[in-house]
Protein chains: 2
Amino acid sequence: MNQKDPKIPKIAVIRMALYAKHLGLLDNQGIRVVSSVELADLCGVNPAQIRKDLAYFGQFGTRGLGYPVPELSLSIKKILGTNRIWHLGLVGVGNLGRALLRHSQFAEQGFVFTAAFDLDPQVVGTLVSGVKVSHVDQMKRMIRERSPFDIGVLAVRPEEAQSVADRLKDSGIRAILNFTPMVLALGPDVYVENVDFTVRLHLLCYSMTHGSDVTQQHPR
Amino acid sequence: MNQKDPKIPKIAVIRMALYAKHLGLLDNQGIRVVSSVELADLCGVNPAQIRKDLAYFGQFGTRGLGYPVPELSLSIKKILGTNRIWHLGLVGVGNLGRALLRHSQFAEQGFVFTAAFDLDPQVVGTLVSGVKVSHVDQMKRMIRERSPFDIGVLAVRPEEAQSVADRLKDSGIRAILNFTPMVLALGPDVYVENVDFTVRLHLLCYSMTHGSDVTQQHPR
DNA sequence: TAGATTGTTAATCGATTAACAATC
DNA sequence: TAGATTGTTAATCGATTAACAATC
């Protein structure tokens, strides 16, 4: 997979999501124009950093005026690839899986669950939050025939994580949001993001133990 | 809250948790000694970085030999403050809250839920995963009388996030793991870690859209 | 002692911020 | 035109990595 441009730091991409969020809020308030200083205040970053980050992707403002809110909002969404609906497929309809299916945050941001898989016969065939649960053995066939989703969401037990991830990869899935504590070995063709709540707890423990803040207020 | 030492980067603290995890695995395998090169391989980092990170906190190895696994494992736990049980209090026993209460990862790492609060009369009084759910109006009194937990876990609706966080702060809680999408305004006396799944999805979208990997394999 | 590996300093690399010319 | 603010370069800051003396 080719690297785009002279190398954009991933931290800059993460901040783009932050900017998009605040531009969306400004847009909803009917505000048409914003300066880098104003946006920086809202996001809690340096104004020069916003201008630098945006410059990685093009020119979006007007000197002397600032940035047009609705246009910049859409531009950033296009850059992030979030100016469309992405379909999610859940594997593992346990406690966490159920909570994710019902988590309204996802749909609000254009992430929609279109499939769910489990191996428990008690769960297979049921409807959770409007999504029919299929048997995990049907997964490969369903993905190949209908490609019902873009991103696999992994919420199975740790023991099954690698084998389910392998099956997702074999079926053609190229992105996985991994809620298990396992480090997945899938090679460079599959993008993996690990979500580990306990790392955050470790940071809170460190801060409390030492009276030294290593937390960050803004989401990463 | 005083800053310890000549300034330890938070990324170094995050890596300490990574080292602790792999040292624990080595210890379970009965391995007694490890070099910075071997540990670096396991963790996927540079060996000099491990030696540098450890040097922030003291001397743990023997030149010519390496590091004693069980001793270093315990030392890092002491540094992180995870050589003890931490008690968690959940606020908001919805889908996500329930999943967190039942999430076995927490207990395995020494994080134990000892209290849970909600305002739904259907839920108050029930037992979820061995934890009795109390009314949120009882929270302040319970914390002040019994201080049943150290860290508040916030899984309420966004609208309630700030007011519940304020109540936790008033009750004396000094650390919050925030699962809501709201940025909490609590001042410097409360440590806050935000958990936002959707940021991770944005990164996957960017990677898929551009064919340029901005994900990280190792959990943050 | 010779070989190995830490602890630490110095060199490198990359990201953030300041400054300012371009320009609306 | 004068004032404002971007886009971009240069300066600063901080983190990573290389190198090596200390030492087991």
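Every chain is numbered from 1, with letters handed out A, B, ... down the list of sequences.
Using a 4.0 Å cut-off, some side-chain N or O of A:Gln59 falls inside it from OP1 or OP2 of D:dT8. At C:dT16, none of the side-chain N or O atoms of A:Tyr56 fall inside 4.0 Å of OP1 or OP2 (strictly under the cut-off). Here B:Ser36 reaches the OP1 or OP2 of C:dT6: one of its side-chain N or O atoms lies under 4.0 Å away.
The partner of D:dG7 is C:dC20, by the rule that a Watson-Crick or G-U pair needs both atom distances under 3.5 Å.
Distance CE/A:Met16 to CD1/A:Ile11: 13.0 Å, rounded to 0.5 Å. Note that NE2 of A:His202 and CD1 of B:Ile76 are 11.5 Å apart. Values are rounded to the nearest 0.5 Å. Atom CZ of A:Phe111 is separated from atom CD1 of A:Ile151 by 6.0 Å, given to the nearest 0.5 angstrom.
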What's the verdict on side chain to side chain donor-acceptor pair (under 3.5 Å) for A:Asp166 and A:Gln162, showing C-alpha distance, side-chain angles and the deciding distance?
CA-CA 6 Å; A:Asp166 287 335; A:Gln162 184 64 54; 3.1 Å; yes
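Rounded to whole Å, atom P of C:dT16 lies 13 Å from atom CD1 of A:Ile50. In this structure, CD1 of B:Ile11 is placed 13 Å from P of C:dA15, rounded to the nearest angstrom. The interatomic distance linking B:Phe57 (CZ) with C:dT8 (P) rounds to 14 Å, in whole Å. Rounded to whole Å, the distance from CD on B:Glu38 to P on C:dT5 is 7 Å. Remark: C1' of C:dT16 and CD1 of A:Ile14 are 16 Å apart, rounded to the nearest angstrom. A straight line from CZ of B:Arg63 to P of D:dT23 spans 6 Å, rounded to a whole angstrom. The distance between atom CG of B:Leu54 and atom C1' of C:dT8, rounded to the nearest whole Å, is 13 Å. Here the C1' atom of nucleotide C:dT12 and the CG atom of B:Asn46 are 12 Å apart, to the nearest Å.
In this structure, B:His103 and A:Phe197 have tilted ring planes: the angle between them lies in the 30° to 60° band.
Along DNA chain C, the nucleotide nearest to B:Gly64 and the one nearest to A:Arg15 differ in position, and the one closer to the 5' end is contacted by B:Gly64. The residue among B:Tyr67 and A:Gln49 whose nearest nucleotide of DNA chain C lies closer to the 5′ end is B:Tyr67.
When the nucleotides C:dT17, D:dG7, D:dT23 are ranked by their closest atom to the side chain of A:Arg51, D:dG7 comes out on top.
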